[in-house]
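These notes concern the structure reproduced below.
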Amino acid sequence: MVINVKDIIRWSIRHWWWFGISVFVCLMLGAVYFVGKTPKFSVDAVLMLRQSDVGSSNQNEMINMMGFGGSKITGDEVMVLTSRDLIGEVVDTLGLTHTYQKKGKLHWKTQYPQHSLSVDLSTPTDAKVTVTVKKNTNGYKIKVQNGLFKKQNIKVSSLCEPIQTIAGEISVSMPDTVAEGTYRAIIKSRMHAIDEYSRALKINRLSRESNIITLSTVTDCPAKAVEMINSLLDLYNLQSATDKNRLALQTELFLASRIEVITQELNEVEAAVEAYKRAHQIADLDKTATDYLQTGNEYERRVAAIEADQRVLDFWKEQLNNSGNAFSIMPVDIGNSNPTLQTQIQKYNDLIAQRNKLLQTATEANPEVVQQTELIIKQRANIFSGLEQAQYTLNLQKQHIVSIQNEYNGRLSSIPETERHYLEMQREKQTKEKQYLYLIEKREENSMLLASDAVPAKIVERAQMNPDPVSPKIKTVGMMSILLGLLLPLGVFLLGLFLKDFDK
C-alpha cells in the first residue's frame with residue numbers, strides 16, 4: 001500500500017468535522033480521567049549529612065579520638081538512613097501497616113492521621129488484606145479480600161463482636177457519628193510495609209562533591225509522607241547520637257571511678273601532712289630541702305607517669321578480657337603515652353564502628369560481617385600482645401628509675417629525718433594533686449562532648465508537600481487527549497485504505 005500525503009491532507013480538510021468531534025470526545029474522556037484519578041504529590045526534605053559540627057578544639061579532639069571525625073559523606077551513611085531497621089521503627093511508631101480510606105464520588109481518599117474505620121487482625125498476615133465496610137441504615141456490608149483471589153462478603157447489624165473471616169478473626173470499629181458511606185482498610189504485613197516505603201523513598205545528592213541530599217517520595221497522602229520522612233530523620237539523628245556518645249559514656253565511667261579513688265587518696269595525704277606539721281611544728285623548708293624537693297619531684301613524676309601508664313594498661317586488659325565488651329569501643333586518650341597502642345586501639349575502634357554500621361543493614365551471618373568480625377578478633381590479639389610487651393617495658397623503666405632514686409636518697413641521708421619525711425609526704429601530695437587536676441580536665445572535655453548537640457544529619461528543610469500534583473497534570477492530560485483526538489480519524493482513514501487494498 002502506497003500512502004499519498006496529499007490525499008491524506010485533502011481527505012482531512014474535507015472531513016475536518018471528524019477531527020473536531022474526535023478531539024471533543026477525547027477531551028471529555030480526558031476530563032473524566034483527570035477528575036477520577038487520585039492526585040499524587042511530591043514530598044521532599046533537604047538535609048546535610050555530616051559527622052561532626054565545628055566546635056571547640058577539645059571537643060573536636062574527643063570526637064576524632066572516638067573515630068567520628070571529619071565531615072565527608074559516604075554511601076554507608078545513606079544506606080543507614082534508609083535501612084530496613086530504621087524504616088521498620090518508623091512503621092511501628094506511626095502504624096503504617098494499616099491504611100484507611102474513604103470512598104468519594106470518583107476515587108478513594110486516604111484518611112490520616114484521623115480515620116473513620118479501625119480494623120485489627122487476630123493473627124498477623126503475610127499477604128495484603130483489604131477490608132471494605134459499607135455503612136447504611138440496615139447495618140454494615142463487609143467485604144474481605146485476602147491476597148488476590150480469596151474474597152468474602154459478610155452482612156452484620158453491628159460491629160460489637162469480632163467477625164470470623166477468611167483472613168481470620170477481625171475486629172472492626174466505627175464510631176456511631178461516622179456518616180453513611182464506604183470505608184476501606186488495607187492491612188499489610190510489617191515486612192511488606194517496610195519494602196513498600198523503602199522503594200518509595202528516593203535519595204538524590206545535590207552534586208557529586210556535596211553533602212546535601214534530598215529525600216523524597218510521591219504519595220496520594222502527603223500528611224502521612226511528611227510525618228514518615230520527619231520521623232525517619234529524627235530517628236536517624238537519635239541513633240547516630242547514641243552511637244557517638246557510647247564511647248564518651250564509657251570514658252565518663254572510667255574517669256569518675258579514678259577521680260573518686262584519687263580524691264580519697266589526696267584527702268588522706270593532706271590530712272597526714274597537716275597532722276605531721278602540727279606534731280613536729282614544721283613551718284618551712286630551707287634551701288637544701290627545697291632543692292631536694294625539686295630533684296626528687298622529677299623522679300617521682302617519672303615514676304608516677306609510669307604507674308599511670310600501667311593502670312591504663314591494666315584497664316585495657318580488663319576491657320579485652322571481659323566477654324561482655326567483645327564488640328565494644330575502647331577509650332583511647334585516657335592518659336597512656338604509648339602512641340603504638342593508641343594507634344592499634346584506634347584501628348580496633350574503627351573496625352568496631354564499621355561492623356556496627358554493617359549490622360544496621362545486614363545480619364551477623366553476612367560474609368562482610370563475618371570478615372569484619374575476624375579482623376576485630378585478630379586486632380584484639382595484636383593489642384593484647386602489645387599490652388604485654390608494654391607492661392614488660394614499663395616495669396624495666398620503673399626499676400631503673402627507682403634504683404637511681406635510691407642512690408640519690410642515700411647521698412642525701414644527712415637531711416634531718418623529720419624534714420625528709422615531711423618532704424616525702426609533700427611530694428606525694430603534689431603527685432596526687434597533679435593526677436587529680438589531669439583527671440578533672442579530661443572529665444570536663446568528655447562532658448563537653450556528651451553535652452554537644454552535634455548530629456550527623458543537619459535538617460536544612462523538613463519534609464513538606466509540593467502543592468503542584470505530580471500526577472495527573474492537566475496540561476499533560478489535555479495535550480494527550482488532543483493528540484489522540486487528531487490521530488483517531490487518521491487511523492480510521494489509513495485502516496480504510498488498507499482494507500480497500502486488501503480486498504483488491
Side-chain angles (χ1 to χ4, degrees), residues 38 40 43 45 75-101 108 110-113 115 117-132 143-152 162-172 183-203 215-240 242-243 355-370 463:
T38 303
K40 292 187 176 182
V43 176
D76 291 341
E77 292 300 322
V78 175
M79 287 295 295
V80 172
L81 177 60
T82 57
S83 66
R84 297 172 63 87
D85 288 343
L86 279 180
I87 295 179
E89 292 194 33
V90 174
V91 168
D92 296 338
T93 301
L94 302 182
L96 300 183
T97 54
H98 290 55
T99 300
Y100 295 99
Q101 298 176 331
W108 292 93
T110 301
Q111 295 180 312
Y112 188 86
H115 45 84
L117 175 69
S118 294
V119 177
D120 292 321
L121 299 178
S122 60
T123 57
T125 177
D126 292 332
K128 184 171 72 172
V129 175
T130 303
V131 179
T132 305
K143 179 181 178 182
V144 180
Q145 181 174 348
N146 188 11
L148 295 177
F149 307 106
K150 296 181 180 180
K151 298 181 180 180
Q152 182 182 16
I163 303 172
Q164 296 293 335
T165 69
I166 57 175
E169 186 178 83
I170 65 172
S171 298
V172 182
Y183 303 87
R184 183 167 70 182
I186 302 174
I187 305 172
K188 298 179 288 291
S189 67
R190 184 176 184 271
M191 296 303 298
H192 288 173
I194 293 173
D195 289 338
E196 177 181 325
Y197 290 112
S198 297
R199 290 193 301 268
L201 284 175
K202 305 297 181 184
I203 292 183
L215 190 65
S216 62
T217 186
V218 176
T219 178
D220 60 351
C221 184
K224 179 190 291 187
V226 167
E227 189 168 359
M228 184 195 72
I229 292 178
N230 286 335
S231 298
L232 181 65
L233 296 180
D234 293 338
L235 184 61
Y236 170 74
N237 277 336
L238 177 62
Q239 288 195 358
S240 299
T242 301
D243 292 339
R355 181 179 183 273
N356 290 338
K357 285 184 179 295
L358 288 174
L359 287 176
Q360 292 180 345
T361 56
T363 63
E364 292 186 354
N366 185 279
E368 292 185 9
V369 176
V370 173

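Every heavy atom of this structure was used, including side-chain atoms; hydrogens, water molecules and symmetry mates were not. When a residue number appears, it is its place in the shown sequence, counting from 1.
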Using a 4.5 Å cut-off on heavy atoms from C-beta on, say whether the side chain of Trp108 contacts that of Thr132. yes
Derivation and outcome, side-chain contact (heavy atoms from CB on, under 4.5 Å), residues Ile170 and Ile187: CA-CA 11 Å; Ile170 65 172; Ile187 305 172; over 6 Å; no
Below 4.5 Å, heavy atoms only, C-beta onward: do Asn356 and Gln360 meet side chain to side chain? no
Checking Tyr112 now: which residues fulfil side chain to side chain donor-acceptor pair (under 3.5 Å) with it, not counting sequence neighbours? Glu227
Supply the atom-to-atom distance Lys150 NZ to Ile166 CD1, rounded to the nearest 0.5 angstrom. 7.0 Å
Distance in Å, Lys40 NZ paired with Asp220 CG, rounded so as to fall on 0.5 Å steps: 6.5 Å
Criterion side-chain contact (heavy atoms from CB on, under 4.5 Å) on Asn146 and Gln152, from CA distance to verdict: CA-CA 9 Å; Asn146 188 11; Gln152 182 182 16; over 6 Å; no
Value rounded to 0.5 Å, distance of CG in Leu201 from CD1 in Ile229: 6.0 Å
Taking only residues two or more places apart in sequence or in another chain, which ones pass side chain to side chain contact (heavy atoms under 4.5 Å, CB included) with Ser83? Asp85, Leu86, Thr361
Testing the basics here: between Ala193 and Leu96, what is the closest heavy-atom pair and its distance to 0.1 Å? CB-O, 4.2 Å
By ring pair (Phe, Tyr, Trp, His ring centres under 6.0 Å), which residues pair with His115, not counting sequence neighbours? Tyr100
Could you list the residues that satisfy side chain to side chain contact (heavy atoms under 4.5 Å, CB included) with Val370, not counting sequence neighbours? Glu374
Within a strict 4.5 Å, meaning less than it, do heavy atoms of the Val172 and Leu117 side chains meet? yes
Please name the residue in the list Thr93, Leu94, Ile87 that meets the side chain to side chain contact (heavy atoms under 4.5 Å, CB included) test with Leu232. Ile87
Checking Ser198 now: which residues fulfil side chain to side chain donor-acceptor pair (under 3.5 Å) with it, not counting sequence neighbours? none
What distance do Asn366 atom CG and Leu358 atom CG have between them, rounded to the nearest 0.5 Å? 7.0 Å
What distance do Thr130 atom OG1 and Lys151 atom NZ have between them, rounded to the nearest 0.5 Å? 10.0 Å
Among pairs that include at least one residue of residues 192-203, which meet salt bridge (Lys or Arg N to Asp or Glu O under 4.0 Å), considering only residues two or more places apart or in two chains? Arg84-Asp195, Lys188-Glu196
Non-neighbouring partners of Gln145 that pass side chain to side chain donor-acceptor pair (under 3.5 Å), sequence neighbours left out: none
The criterion is salt bridge (Lys or Arg N to Asp or Glu O under 4.0 Å); which residues satisfy it with Lys224, sequence neighbours excluded? none
What residues, two or more places apart in sequence or in another chain, satisfy salt bridge (Lys or Arg N to Asp or Glu O under 4.0 Å) together with Asp234? Arg462
Go through the structure and list residues passing side chain to side chain contact (heavy atoms under 4.5 Å, CB included) with Pro162, not counting sequence neighbours. Glu169, Ser171
For the student: nearest non-hydrogen atoms of Thr123 and Ala167, plus distance: OG1-O, 4.3 Å
Identify the two heavy atoms, one from Thr97 and one from Arg190, that lie closest to each other, and give their separation to 0.1 Å. CG2-CA, 3.9 Å
Sequence-distant partners of Glu368, side chain to side chain donor-acceptor pair (under 3.5 Å), two or more places apart: none
The side chain to side chain contact (heavy atoms under 4.5 Å, CB included) partners of Ala225 (sequence neighbours excluded) come to Val43, Thr217, Thr219
Against Val144, only a single residue in Val119, Thr165, Ile163 fulfils side chain to side chain contact (heavy atoms under 4.5 Å, CB included); can you say which? Thr165
